[in-house]
Amino acid sequence: LLRKELAVALINGLVLGIILGVIVLIWFRQPGLSLVIGAALTINMLTAAAGGVLVPITLKRLGFDPALAGGVMLTTLTDVMGFLSFLGLATVILLN
């Protein structure tokens, strides 16, 4: 299940990342920024897919109700990883 979710997330992330990257490139005319945003979107999609599978399974094994706690944990995971991936990539790519 995890492998299938990650494959779909990778395809979605790449397609949406390329589309958004092209829009950013046209709008701001900065290839580095375009790369950062496209890659960060792809990483965020992969993180969301992995978390969407692993968080409920882990919560169920620990004896918690995944429906109650899973949404909050998944949202937090996705937001934090999206923020860190964007800022991390921006630091590595744009400041060099």
Side-chain angles (χ1 to χ4, degrees):
L1 180 65
L2 180 62
R3 194 173 317 163
K4 288 179 184 179
E5 286 289 328
L6 289 177
V8 170
L10 180 62
I11 293 168
N12 282 339
L14 287 173
V15 169
L16 293 173
I18 289 170
I19 291 170
L20 188 59
V22 169
I23 291 170
V24 168
L25 185 62
I26 291 169
W27 195 341
F28 293 105
R29 301 200 192 293
Q30 293 185 1
L33 182 62
S34 175
L35 178 64
V36 166
I37 290 179
L41 180 65
T42 303
I43 292 169
N44 204 17
M45 295 286 280
L46 287 169
T47 302
V53 172
L54 295 175
V55 167
I57 290 172
T58 304
L59 287 174
K60 187 161 179 86
R61 285 189 182 169
L62 293 174
F64 297 108
D65 184 11
L68 293 177
V72 174
M73 293 180 73
L74 184 59
T75 301
T76 302
L77 174 70
T78 305
D79 287 349
V80 169
M81 286 305 297
F83 186 70
L84 291 177
S85 65
F86 175 71
L87 290 180
L89 287 170
T91 300
V92 170
I93 293 174
L94 296 178
L95 292 182
N96 286 330

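In what follows, every heavy atom counts, from backbone to side chain, and hydrogens, waters and symmetry copies are set aside.
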Are Ile18 and Val36 in one and the same hydrophobic cluster, where Ile, Leu, Val, Met, Phe, Trp and Tyr link if side-chain heavy atoms are under 4.5 Å apart?
-> no

Which heavy atom in Thr76 sits nearest to a heavy atom in Val72, and how many Å separate them?
-> OG1-O, 2.9 Å

Which heavy atom in Gly17 sits nearest to a heavy atom in Leu41, and how many Å separate them?
-> N-CD2, 3.6 Å

Between the CD atom in Gln30 and the CD1 atom in Ile37, the distance rounded to the nearest 0.5 Å is 9.5 Å

For Pro56 and Gly51 the tightest heavy-atom approach is CD-O, 3.6 Å

Tell me whether Trp27 is reachable from Val22 by hopping between hydrophobic residues (I, L, V, M, F, W, Y) whose side-chain heavy atoms are closer than 4.5 Å.
-> no

Spatial distance of atom OG (Ser34) from atom CG (Leu20) [nearest 0.5 Å] = 8.0 Å

Any chance you could measure Met73, atom CE, to Thr78, atom OG1, to the nearest 0.5 Å?
-> 11.5 Å

For Ile43, side chain to side chain contact (heavy atoms under 4.5 Å, CB included) partners two or more places apart | Thr47, Ser85, Leu89

Other than Val80, what residues sit in its cluster of Ile, Leu, Val, Met, Phe, Trp and Tyr side chains whose heavy atoms are under 4.5 Å apart, directly or through others?
-> Leu84

Atom pair CG/CG of Leu77 and Asn44 - distance to nearest 0.5 Å = 9.0 Å

Examine Leu87 and Ile93 and state if one hydrophobic cluster contains both, with Ile, Leu, Val, Met, Phe, Trp and Tyr joined whenever side-chain heavy atoms are less than 4.5 Å apart.
-> yes

Apply side chain to side chain contact (heavy atoms under 4.5 Å, CB included) to Phe64 and list each qualifying residue two or more places apart in sequence or on a separate chain.
-> Leu59, Leu62

Hits for side chain to side chain contact (heavy atoms under 4.5 Å, CB included) against Asp79, two or more places apart or cross-chain, chain-then-number order -> Thr75

Apart from Leu95 itself, its cluster of hydrophobic side chains linked below 4.5 Å comprises none

Spacing of Leu16 atom CG and Met45 atom CE [to the nearest 0.5 Å] | 5.0 Å

Other than Leu54, which residues form its hydrophobic cluster under the rule that side-chain heavy atoms must be closer than 4.5 Å?
-> Leu1, Leu2, Leu6, Leu10, Leu14, Leu46, Val53, Ile57

